[in-house]
Amino acid sequence: MLLFQDLRKSIFDTVNERFKISENDVYLDDTGHSDITVRVFRILKSPDGGENVINDIITSLSGKDYVEKAAAEGGYINVWIKRPYMLHEVIDSIERFGIYPNVFQESDRVSVEHTSANPTGPLHIGRARNSIIGDSVYRILSRYGYRTVRQYFVNDSGKQMISLYTAYIRYGGPLTIDSLLENYQKIYRDLEKDPGIEKEIEKNIERYENADPEVYGTLRKIAGVMLDGIASTLKRIGIEFDEFDWESDLLRDGSVKKVIGMLETKDDDGAKFIEIPGKKIYLTRKDGTTLYFARDIAYHLLKAENSEWMIDVLGEDHKDHARSLDHVLRNMLRIENRLSFLYYSFITLETGKMSTRRGNIVTLQDLVDKTYEEALKIVNEKRPDLSDDDRKRIAEAIATSAVRYSIIRVSAPKPITFRWDEALNFEANSAPFIMYSYARATSILEKASEPVEAYGTEMEPEEADLVKIMYVYPYYLKDAANDLKPDLIAGYLVSLVQKFNDFYGACRVIGTDPSTYARRIRIVKAYREILSDAGNLIGIKMIEQM
RNA sequence: GGGCGCAUGGCCUAGCCUGGAUAGGGCAACAGCCUCCUAAGCUGUAGAUCAGGGGUCCAAAUCCCCUUGCGCCCGCCA
């Protein structure tokens, strides 16, 4: 099986034999001039105009069994790949293995750490961007063949968490998310009037780090309640974890102390710090309690034992922290594992930035609920023929997919301003747009019988275009995996669906002559397979009807 | 003040790493398409000094420098 990348390589080799070029000079064309383009401006600059070399190359390329045509045009050699060849590769893979492509294999173990939000409240949509990106990266790398694990670092030891605990002790109330959150917001308000509270928090940090069973037990319970809330909301949109790693465990089993011992620390009035170029980083307070940086190093050392590649999904506010962490791990602790940080910018509301403490947030729960209501309204309108249960099931799939899609489609470094009307747009460039085409393809197959004849290879342009974009799927998957860019998959899906919609409009499937029918049925089957495969990578749930 | 990001039609966005052929989509607007596999679809029209300036190059949205605007960081918080 020759995947698109292999074709590129093969063409590169062929050209390179005659004239040394750069690998970047052979690329997937996206301007409609060809399938694969070879940039030959440099050959044209040769004293003789390079005409002979180019003709040689074209002759040689034309001889390949997968090449339809090769032609020089301006500074390029345009190469067209035979559509029947592409069609065969895709269909063959799907009929034999049930999947296309089926060839990626990576042996490395990869840890994807994402979300890791303080369990001090429900997840708001800004934080959810972390989860949605992280989970998509996890899915892409798993599909690519890596052995992946999803990890959530539960920060149950920091000041925020102790503040939540202190608020619960001070103000009482039931052990529920709402009550805890209310207390949490209240303590930050009261803190401004009553400096005694700060002392109380500090005392509790100390008790906590000295493993005071009362503080420890209650705090773990509080964190558990909050974390359950976060986890169940995430589960609703298809995001789960393999491991929840508790910061307090690292504290209690001595790994944090060990890390501090491994580093050359200096002392400032009892507080321990290390120095890295241009920076002083404190590992402990002067009362001896530990700081996040120390605990995060301990955590990464733990992860490094089980993963060749560690990926952290982080908000842009963590950039400096991560850079320092990388420096310490690499240069001071000699950790050689691959370590990648995937940063994303914040989601803000039209009214400004979100803050859990101040209470001006749109929670992920709110967003999914409201999207569901909106979707249900539309499904009720469009499908009165279905049962209540079916319509609810469809609305739920639309809501969870739409929420994920609206966030993943924008590349991570771009800031997002959240707007309800945009989040609730179910037209083109949305999850429902993608899902709808799956339902249509399914509908064709439901009405169709198994083809009996061999398929013909004379295709309409719309078929040929659809075949090409299906064939090229591995190329996008590879880039998305290597560059950690799930948004590429979102873009691919839209192009794929657009090609299918063109095909759908121009080419009947049912009722055509046997050899055309045999081919188109296979194309539709392959399409459904690839669409759901790619959709799955970013959490779009395909449904049979909508 | 220092550091890191971002800036593309009225709005959202792809392309930038790895410079090349008419800057690709979508929303909103306007004009059309359901006796034919689901119209959450499709076709067409209109809309772009690629923030501004300079530089490198045969060639710049893309690379370099400067400027402007916005976001984030610069805690013995996380």
Side-chain angles (χ1 to χ4, degrees), chain A residues 22-25 27 29-34 37 39 41 44-45 73-76 78 116-118 120 155 157-161 163 202 247 268-273 278-293 295-296 315-321 323 343-346 348 353 375 378-379 381-383 398 406 409-417 419 421-422 425-437 439-448 483 487-488 490-491 494-495 497-498 500-502 504-512 520 524 545-546:
Chain A
S22 142
E23 288 213 36
N24 291 327
D25 285 332
Y27 59 94
D29 176 74
D30 58 359
T31 63
H33 287 83
S34 70
T37 301
R39 223 178 264 143
F41 292 89
L44 293 176
K45 274 192 187 163
E73 229 182 303
Y76 310 91
N78 289 325
S116 300
N118 292 349
T120 51
N155 177 249
S157 313
K159 194 168 178 178
Q160 273 81 353
M161 207 52 219
S163 302
E202 279 169 16
E247 219 178 285
D268 178 2
D269 195 17
K272 286 184 178 146
F273 67 91
K279 223 174 181 171
K280 255 169 125 176
I281 298 170
Y282 282 87
L283 301 178
T284 71
R285 299 186 180 90
K286 67 178 168 219
D287 62 9
T289 56
T290 61
L291 290 164
Y292 175 67
F293 197 88
R295 301 192 294 256
D296 205 24
E316 60 176 339
D317 54 337
H318 280 61
K319 276 183 190 174
D320 279 350
H321 168 81
R323 234 188 301 273
Y343 303 107
Y344 62 92
S345 292
F346 294 130
T348 53
K353 68 188 255 194
I378 297 173
V379 178
E381 238 168 68
K382 295 194 186 244
R383 299 304 302 268
I398 289 173
S406 67
R409 73 182 185 89
V410 180
S411 66
K414 286 238 190 197
I416 296 178
T417 304
R419 294 187 181 87
D421 58 332
E422 280 174 18
N425 165 35
F426 294 160
E427 290 173 358
N429 205 1
S430 73
F433 168 78
I434 293 161
M435 297 162 76
Y436 182 68
S437 110
R440 278 168 136 190
T442 303
S443 174
I444 293 176
L445 296 178
E446 275 170 356
K447 294 183 172 64
D483 301 344
D487 47 297
L488 290 181
V494 170
S495 313
V497 168
Q498 283 171 337
F500 177 79
N501 289 345
D502 290 343
Y504 186 90
C507 305
R508 291 281 308 174
V509 177
I510 294 166
T512 51
R520 289 184 183 167
V524 174
Q545 52 177 353
M546 63 184 278

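Side chains are part of it too, since the values below use all heavy atoms of this structure and drop only hydrogens, waters and symmetry mates. Proteins come first, then strands; the chains are lettered A, B, ... in the order of their sequence lines, and each starts at number 1.
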Can you tell me how far P in B:U62 sits from the matching atom in B:C16, rounded to whole Å?
12 Å

Pair A:T120-A:N118, side-chain donor/acceptor within less than 3.5 Å
no

Would you check if A:F433 stacks with the base of B:G41, given a 5.5 Å centroid limit and a 30° plane limit, both strict?
no

Assess whether atom NZ of A:K279 is packed by more than 12 heavy atoms of other residues, nucleotides or ligands within 6.0 Å.
yes

Suppose you measure atom C1' in B:G5 against the same atom in B:G9; what distance do you get, rounded to whole Å?
24 Å

Sticking with atom P, work out how far B:G53 lies from B:G47, rounded to a whole angstrom.
23 Å

Quiz item: A:N78 side-chain donor-acceptor pair to B:A21 base, under 3.5 Å:
yes

Distance check, C1' atoms only: B:G75 and B:U18, in whole angstrom units.
40 Å

Gap between atoms CG and P, on A:D30 and B:A21 respectively (whole Å)
9 Å

Got a donor-acceptor pair under 3.5 Å from the side chain of A:S430 to the base of B:A40?
no

Ranking A:R419 and A:F426 by the position along RNA chain B of their nearest nucleotide, the one closer to 5' is A:R419

Are the aromatic ring centres of A:F293 and A:H321 under 6.0 angstrom apart?
yes

Using the P atom as the point on both nucleotides, what is the distance between B:G20 and B:C64, in whole Å?
15 Å

Length of the CG-C1' vector between A:D483 and B:U18, whole Å:
11 Å

A:R383 versus A:M546, closest heavy-atom pair with distance
NH1-O, 2.9 Å

Say we look at B:G55 and B:C76: how far apart would their P atoms be, to the nearest angstrom?
46 Å

Considering only atom P, compute the distance from B:G44 to B:U49 and round it to an integer number of Å.
24 Å

Stacking between A:F41 and the base of B:G20 (centre distance under 5.5 Å, interplanar angle under 30°)?
yes

